[in-house]
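Here's the structure we're looking at; comments come further down.
Keep in mind that what you see is a predicted model, and the values were worked out from it rather than measured. Numbering of ligands and ligand atoms starts at 1, following listing order.
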Amino acid sequence: MAKIPAYAAAEAKAPLAPYTVERREPGEHDVLIDILFCGVCHSDIHQARDEWGNSIFPMVPGHEIIGRVSRVGAHVTKFKPGDMAGVGCMVDSCRDCDPCRRDLEQFCYKGAAFTYNGTEMDRETPTFGGYSTQVVVDEAFTLKVPEGLDPAGAAPLLCAGITTYSPLRQWNCKPGDKVGVVGLGGLGHMAVKLAASMGAEVTMLSTSPSKEEDARRLGAHDFALTTDEASLEKLADRFDLIIDSVSAPHDYNTYLAMLRVGGVMVLLGVPPEAIPVQAFSLIGGNRRLAGSLIGGIKETQEMLDYCAAHNIVSDVEVIPIQTVNEAYERVLKSDVRYRFVIDIASLKK
Ligand SMILES: [Zn+2]
Ligand SMILES: [Zn+2]
C-alpha cells in the first residue's frame, strides 16, 4: 500500500479538502498511473453532495483521468512505463455476465466497479477517483491514450466523450444526417464536435442566445432558440437523431415532434422528476425515445482512437485543485466552457 495525496469530500455537506488515500501495490495485471489531469464531471458534484442518495464517504471523485504509466505488473501486455493512459468511469466488472461479454461492462449484472464512490469487485475495498496523484487499475480497464491528443483536453473524453460518442454510433450517425443537440454544456459541446466530425448537419437547440456563436465555432451548422415557439415549429419532422444532454426539467414531447419518421431521440441527462411522454409523440411517425449510459471499454478505446484521428478534444479550463470547490459552483451556474480539468501537478505542491 502506498499513501498518496488526494482531495476528498468527508461528508455530503463538506467542501472538498486535502486527504490521503491508499493505493494498492500493482498486481500482476495492474498498471500504476501517475495522474496528470482529471476532468470535473457534473456527476462528481451530484455524488460528492449525495444528491443521488448512494454516496460513500470519504469520497475522492474523478473519472476523467489521464496520466502516464509509471509501473506495470508482471503479466501486463498492453502498457509499458511512460505510456499515456486513461481511466474512465469503471475500473473493473465481473467480465463474465451477458453485458460484460457484449462489451457493455457499464451494465454488468454483478455491478461494475465504478472508479469512485463504489468498491472493487470484492465489494469491500472502496474505490477512489482521479482527484489524486496516482491510481492503480487492471490493464483491461485502462485505456490507451494516443500521444497526439492534448492530455488536458483529452481527460473529459473519458466520460463526456464516450457518453456522446456511443449514442452517435449506436444510432449510426452518418454523413448528411440531421442531428439536433439539446443543451450546450460539457456533454453537448462534445456531441456537436463528434456529430459534425461524422459528417452530420448539426443543429444546436439551446435556451440561451449567447451560445449561438460558440455552437457554430464547435461545428454546429444551425442554431435554434428553444424558448421561441416559432423557431421550434420550423424544426418539425427534421431530425434523424436528437441527442438530449439536458438535466433540467424540459418537455420531451416538444423535441420528439422534431424527429422525422423513424427518428430517434436519445436521453443522456437525468432530470430530477419524471417527464410525461404522450404515446402519440412516439406512435406518430414511428419515433423512438432511447437512453444511453457512457460506453464499454472497447468502445471507449475506439472513441479515443477516433478523436486522435479527427483531432478532437474537449474545450477545457485547466484549474489547480485548490480551486475545485469554486469550480463546482461555476459548473452549477453553467459558467464553464466547457469542462474544468484539474492539473494534478497542483496537488503535489
Ligand atoms: Zn462523468
Ligand atoms: Zn458482468
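Residues Y165 and Y306 place their aromatic rings such that the two centres sit under 6.0 Å apart. No close placement of the H63 and F114 rings is indicated, their centers lying 6.0 Å or farther apart.
The side-chain contact (heavy atoms from CB on, under 4.5 Å) test with D315 is passed by exactly one of R339, R217, R337, M190: R217.
Under a 3.5 Å cut-off, the side chain of T115 and the backbone N or O of G129 do not form any donor-acceptor pair. When atom types are taken as modelled, the side chain of E299 and the backbone of G295 share no donor-acceptor pair closer than 3.5 angstrom.
Only protein N, O or S atoms were scored, and 3 of them lie under 2.8 Å from the Zn ion (ligand 1).
Defined by atom type and a distance below 3.5 Å, a donor-acceptor pair is present between the side-chain atoms of Q170 and S292.
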